[in-house]
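Working notes, structure below.
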Amino acid sequence: MTIAPSQAANAGFTPRDYFVTSGPNIWQIRLPNPPTLFAVIPDSGCSPDHTGITFDHEGALGQFAFDMIVTCKFSGGVWAVDGAGTVNAVGNFHSGGQIGEIESPAVVPRTFGPFGGKIWVADEEYPNTSTTMLGAIHAMDENGNVTLGVVEWHGAEAVLVIPQTPCTFCSGGELFQAITLNEQGPYGIYQYFPASFEGLGGNVLVPSEAASGTALVQFDGTNYVTSVFDLIPGATFEGASFADCDVPTPTPTSTPAATVTPTATFTPTSTATLTPTATFTPTATATATATFTPTPTATATATFTPTPTPTPLMIVVTAETFSSNKVTITFQNDAAVDQVLTGLSMTWPQATNGNLTKITMGATTIYNTSTGGGTLNTSSLLGTTAQRTIAANGGTATLTFTFHNNVSTNASNYTGTATFNPFGSVTMLP
């Protein structure tokens, strides 16, 4: 199962729609409506089960264009589905050589090493490892080109991208794992809290179905490096998911309020006043008669205000300039809510530009640490929240990246994303 994030609006999806696989059938759930058949994958390898499903949050260089990504476990097929339910073949992992079975895909961040921005899948049965242990992660680009064994991990079960900005669910957990002890033993859902992922945003976790624990995959500038993130003795991992901050929160539904017309108050007619005469015979006293017109009590009528359909969030880059020692990017917020800049990732030609020395947002310095190596990946930004906010409904903001040397003016020499809350990741370069 997967939920359409805000970025999926770029591919024609409605954010917060649920999508569930059942073999080759993709079902859409939009409460309170019943499930509807959204698409059918023309691949027998998606039967009978273990069909992988995810959304592309990156949109890197047009790759997969924020589509839904579906993988077929037994055939190795990979498919992209847009918001109209149109299914397109991306490629097949068997084209790269012998594989076992693929599942649990993810499109990893663009800045995550040489295979950043690509589809990664887990293959718990991959045989061609450097050891006798089965299991690895494979990668595929938008043209269907395959690289097998990008990362090896025994019993690799899933590819889980650690969010740059933590998001929690229910009792404060950020990651939720389905675990069985010793395959047939006790089972349950385990949760991990944000403190476990401090400083690890943008890296990848790979849990094991072979009781080898969960691997942390990082890129050291040259190679992908694995280490043990967590090891629960005898734990067999199955499904797992991070709470997705890119899925917009639901719009609250108002409680119907009853409208009541009050009952009329009874008002009697006035009583006649007795006036005596000078004679002994008194004048009879008039009898007061109460007269009223009853008004029926109005029946309360409930007025119901329906929940509006969320407006897809959109943040676009309207200008890129390369001049002197500066790279300048202008963003426009076309969403109906304010957006706060929370993270930046960027690569640049170090030999030409030299170190990145400063980043400003408008007149505010939000980063001032001299950074080399041609790579930046940070969520530690200076300035107040208000100074890093782009106003809703057309507000704009300019990021200026200042380097030690005059910069390369070839946009293809750069990559970059900016992360906004609540929108998510926005591609700014190239």
Side-chain angles (χ1 to χ4, degrees), residues 1-59 62-94 101-107 119-123 140 142 144 157-161 169 176 178 189 238-244 246-251 253 306-314 424:
M1 186 195 78
T2 189
I3 308 174
S6 298
Q7 295 92 328
N10 294 290
F13 289 91
T14 299
R16 284 196 61 79
D17 278 359
Y18 291 69
F19 294 90
V20 180
T21 65
S22 177
N25 297 324
I26 309 298
W27 294 86
Q28 178 189 54
I29 302 174
R30 183 183 297 168
L31 299 175
N33 301 329
T36 58
L37 185 61
F38 179 74
V40 178
I41 307 301
D43 187 335
S44 61
C46 272
S47 296
D49 57 22
H50 280 66
T51 302
I53 187 170
T54 190
F55 273 95
D56 168 29
H57 292 228
E58 293 295 309
Q63 293 155 296
F64 324 121
F66 301 105
D67 283 341
M68 175 195 297
I69 305 299
V70 178
T71 58
C72 297
K73 175 178 180 178
F74 301 102
S75 68
V78 180
W79 303 82
V81 185
D82 66 18
T86 303
V87 180
N88 293 299
V90 178
N92 191 295
F93 276 99
H94 279 290
E101 51 188 41
I102 63 170
E103 57 185 321
S104 302
V107 179
I119 299 172
W120 287 26
V121 298
D123 180 354
M140 178 184 290
E142 74 278 17
E157 177 65 16
V159 178
L160 307 172
V161 178
F169 176 75
F176 298 83
I189 303 295
E238 267 293 346
S241 180
F242 277 96
D244 191 349
D246 292 334
V247 174
T249 55
T251 302
T253 302
T307 302
T309 301
T311 301
L313 300 175
M314 292 292 292

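When all heavy atoms of C46 and I41 are compared, the closest pair comes out as SG-CG2, 4.1 Å. Nearest heavy-atom pair, W79 versus V90, reported as atom, atom and distance to 0.1 Å: C-CG2, 4.0 Å. Across N92 and H94, no two heavy atoms sit closer than the pair OD1-N, 2.8 Å. The minimum heavy-atom distance linking F176 with F169 is given by the pair CZ-O, 3.7 Å. The nearest pair of heavy atoms linking D56 to A65 is OD2-N, 3.7 Å. In plain terms, the two heavy atoms of F19 and I53 that are nearest each other are CB-CD1, 4.0 Å.
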Exercise for the section: Show the numbers, then the answer: is there a side chain to side chain contact (heavy atoms under 4.5 Å, CB included) between F93 and V78? Expected result: CA-CA 8 Å; F93 276 99; V78 180; 3.4 Å; yes
Problem - Worked check of side chain to side chain contact (heavy atoms under 4.5 Å, CB included) between V107 and H57 - result: CA-CA 7 Å; V107 179; H57 292 228; over 6 Å; no
Practice task
Let me see the working for V81 and V70 under side chain to side chain contact (heavy atoms under 4.5 Å, CB included), right down to the final yes or no.
Solution key: CA-CA 8 Å; V81 185; V70 178; 4.2 Å; yes
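Relative ring orientation between F13 and F38 is described as tilted, the plane-to-plane angle lying within the 30° to 60° band.
For residues 77-91, no residue pair satisfies the salt bridge (charged side-chain N to carboxylate O under 4.0 Å, His left out) rule, not counting sequence neighbours. Counting only residues at least two apart or on different chains, no side-chain hydrogen bond (donor to acceptor under 3.5 Å, both in side chains) pair has a member in residues 44-54.
In this structure, K73 NZ and S104 OG are separated by 9.5 Å, a value rounded to the nearest 0.5 Å. Between the CE atom of M1 and the OG1 atom of T21 there is a distance of 10.5 Å, given to the nearest 0.5 Å. For the atom pair CG (D246) and CZ (F55), the distance works out to 12.0 Å, reported to the nearest 0.5 Å. The structure places OG1 of T36 at 8.5 Å from CG of D17, a figure rounded to the nearest 0.5 Å. Between the OH atom of Y18 and the OG1 atom of T2 there is a distance of 10.5 Å, given to the nearest 0.5 Å.
Taking 4.5 Å as the limit, every side-chain heavy atom of V20 sits out of range of all side-chain heavy atoms of P35.
Remark: side-chain polar atoms of D67 are not paired, donor with acceptor, to backbone N or O of I69 under 3.5 angstrom.
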